[in-house]
Amino acid sequence: SEEEREAGRTGDSGHCSEEDEEDDEESGDESMEEEEDAANATLTKQTASESEEEEEEEEEEGALRWKEGLQQKASEAFLRQQEAAPNLRKLVYGSVAEAADSEDEEEELGGLFRVSRPQNSKKFQANALDCSRFNPDTSHDWDLEEMLNSIRDCFVTGKWDENQ
Amino acid sequence: MASHGLTYDGCNFFRQRLVLSTLSGKRVKIKNIRSKDDDPGLRDFEASFIRLLDKVTNGSRIEINQTGTVLFYQPGLLHGGPIEHDCNTQRSIGYYLEALLMLAPFMKTSLKATLRGVTNDPSDPTVDLLKSTALPVMKKFGIDGDGFELKVLKRGMAPGGGGEVVFTCPVRRTIRPVQLTDPGKIKRIRGVAYSVRVSPQMANRIVESARGILNQFIPDIYIHTDHMKGPNSGKSPGFGLTLVAETLNGSFLSAEMASTPQGQGDPILPEDLGRNCAKLLLEEVYRGGCVDSSNQSLALLLMTLGQQDVSKVLLGPLSPYTIEFLRHIRDFFQIMFKIEVQKPSEDTRKGGDKILMTCVGVGYSNINKTIK
């Protein structure tokens with residue numbers, strides 16, 4: 001769990017499950033508190049003669065500092081979680097939120113004919129081309145060196161693990 | 001056997017529904033097939049697919065309404081044996097062959113299918129691709145032996161066709177469960193650059209440009225040039241490239257491109273085709289996994305139909321077609337996969353996220369197979 005915590009602390013891009021997320025926040029809190037304590041300690045040394053009231057004030061300020069950017073932190077954590085693996089099982093087997101059936105929207109002409117509007121989104125998908133091909137991700141530009149570098153270890157010419 | 005059938009809407013995923021229906025013995029009804037289209041109902045290629053299905057089975061009942069917007073299919077027994085089929089040229093032979101690959105191991109007698117039509121077109125997996133990737137996948141599941149091959153006798157490009165392939169497959173009573181969790185590193189890249197009714201030089205130009213990109217990764221590249229002449233060259237001109245990367249553990253990742261069919265859109269230069277195809281292969285390597293993206297559903301089907309034991313296969317990201325296939329497997333076989341995402345660690349450069357699929361087979365046994 002020490003490793004996990006470490007990973008959480010560095011907050012690497014979206015590489016954390018929900019548990020890590022919690023760890024991250026916890027460890028963040030802890031480190032904040034530690035800092036606070038340290039700050040308080042130095043303060044007490046410097047101003048040993050000062051009254052306790054001021055010390056309390058200082059503590060309050062520290063508490064406020066802890067609350068700074070809470071919203072931003074939360075939104076960052078949320079985004080990280082979004083980026084992290086979506087629950088694929090839910091995605092595959094979960095119930096599909098079906099779009100409201102457009103059947104009802106059909107206009108009637110003279111109470112006799114119904115205007116059928118072909119290819120609204122859901123029906124269009126149902127009647128799309130039956131093809132197994134998986135089109136590539138267009139955001140990948142294979143002219144870029146960094147893209148090429150991202151797969152170098154897939155080849156025997158790349159870096160090998162120590163146990164291989 | 002289910003007493004009631006399954007009902008679906010629309011013509012998408014037409015083949016997987018009919019294939020799974022045939023294997024599970026469940027009836028299927030497909031409604032609203034292009035019902036709002038200007039030209040409603042089944043297309044010729046779908047009718048041709050139904051005829052092929054009728055040829056390999058015995059006792060199937062197929063009912064189609066007058067406008068072709070509703071199809072009812074009650075599967076019969078898979079018979080197999082020698083069959084010949086003229087595949088409609090609207091789709092390539094790959095379209096038909098993908099379904100046959102799924103059915104072939106479960107026939108009564110071993111299948112010897114002679115298929116005629118378009119061997120290579122840009123939209124479907126070509127016969128060359130299926131030959132070099134789908135067959136190795138099936139071998140992992142214990143479907144192999146002498147009579148297991150796919151031969152391209154004549155090449156026929158879209159739109160004219162005129163190609164011919166022979167697919168033979170032995171029958172199996174049960175399917176072996178597999179554990180494919182480590183693809184290993186890519187040791188070599190092979191490929192076929194084909195050209196018909198154009199200058200044979202085209203294939204060389206393709207090879208040159210594809211090598212230019214792939215050589216920065218690995219030196220072991222051999223792209224075979226295949227120029228068919230005379231009666232073996234089909235009715236339309238064209239060229240294309242199929243690339244296959246083979247890993248140390250015997251997984252195959254593939255990519256392909258074919259030239260634009262004559263009279264449909266802008267023509268493409270062989271150099272561009274070679275380069276783009278090489279980039280597609282890099283994309284496929286980035287996706288990774290033990291089975292490439294075009295064979296995901298075949299592997300998942302064979303896992304489902306395996307003996308009652310755990311099967312694991314590592315895949316790249318699931319394609320939309322595969323996701324729908326998983327839903328259909330749940331409908332027809334009541335099997336749900338365990339889906340786990342494996343993130344590559346930071347310091348390795350092995351492409352994107354991988355997905356580990358785990359399931360317990362239904363213990364399907366081929367009741368059609370004759371006992372000798």
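Just so it is clear: chains get the letters A, B, ... in the order the sequence lines come, proteins before strands, and each one is counted from 1. Note: hydrogens, waters and symmetry copies are ignored here, and every other heavy atom, side chains too, is used.
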Self-check item: B:Glu284 and B:Ser293: side chain donor to acceptor below 3.5 Å
Solution: yes

Exercise. Counting only heavy atoms closer than 4.5 Å, note whether A:Arg133 contacts chain B via side chain, backbone, both or neither.
Key: side chain

Exercise. Examine whether an atom of A:Asp137 lies under 4.5 Å from a heavy atom of chain B, and if so say whether it belongs to the side chain, the backbone or both; otherwise answer neither.
Key: both

Please classify the contact between [X] and chain A as side chain, backbone, both or neither, with a heavy-atom cut-off of under 4.5 Å.
X        : value
B:Gln216 : both
B:Pro219 : side chain
B:Arg91  : side chain
B:Glu283 : both
B:Pro122 : backbone
B:Phe337 : both
B:Arg15  : both

Quiz item: Do other residues, nucleotides or ligands put more than 12 heavy atoms under 6.0 Å from A:Glu146 CD?
Solution: no

Exercise. For B:Lys31, look at atom NZ and say whether over 12 heavy atoms of other residues, nucleotides or ligands are found less than 6.0 Å away.
Key: no

Self-check item: Side chain proximity check, B:Leu318 to A:Phe134, heavy atoms < 4.5 angstrom
Solution: no

Quiz item: Would you say B:Thr69 and B:Arg34 make side-chain contact, with heavy atoms under 4.5 Å?
Solution: no

Quiz item: Top residue by heavy-atom pair count (under 4.5 Å) with chain A, among B:Glu98, B:Arg43, B:Gln16, B:Arg188?
Solution: B:Glu98

Self-check item: Closest-packed option against chain A by number of heavy-atom pairs under 4.5 Å, given B:Ile339, B:Leu282, B:Ile218, B:Leu248
Solution: B:Leu282

Self-check item: B:Arg327/B:Glu324 salt bridge by N-O under 4.0 Å criterion
Solution: yes

Quiz item: So, are B:Arg287 and B:Asp292 salt-bridged, with charged N and O less than 4.0 Å apart?
Solution: no

Quiz prompt | Side-chain donor or acceptor of B:Ser254 paired with backbone N/O of B:Val244 under 3.5 Å | solution = no

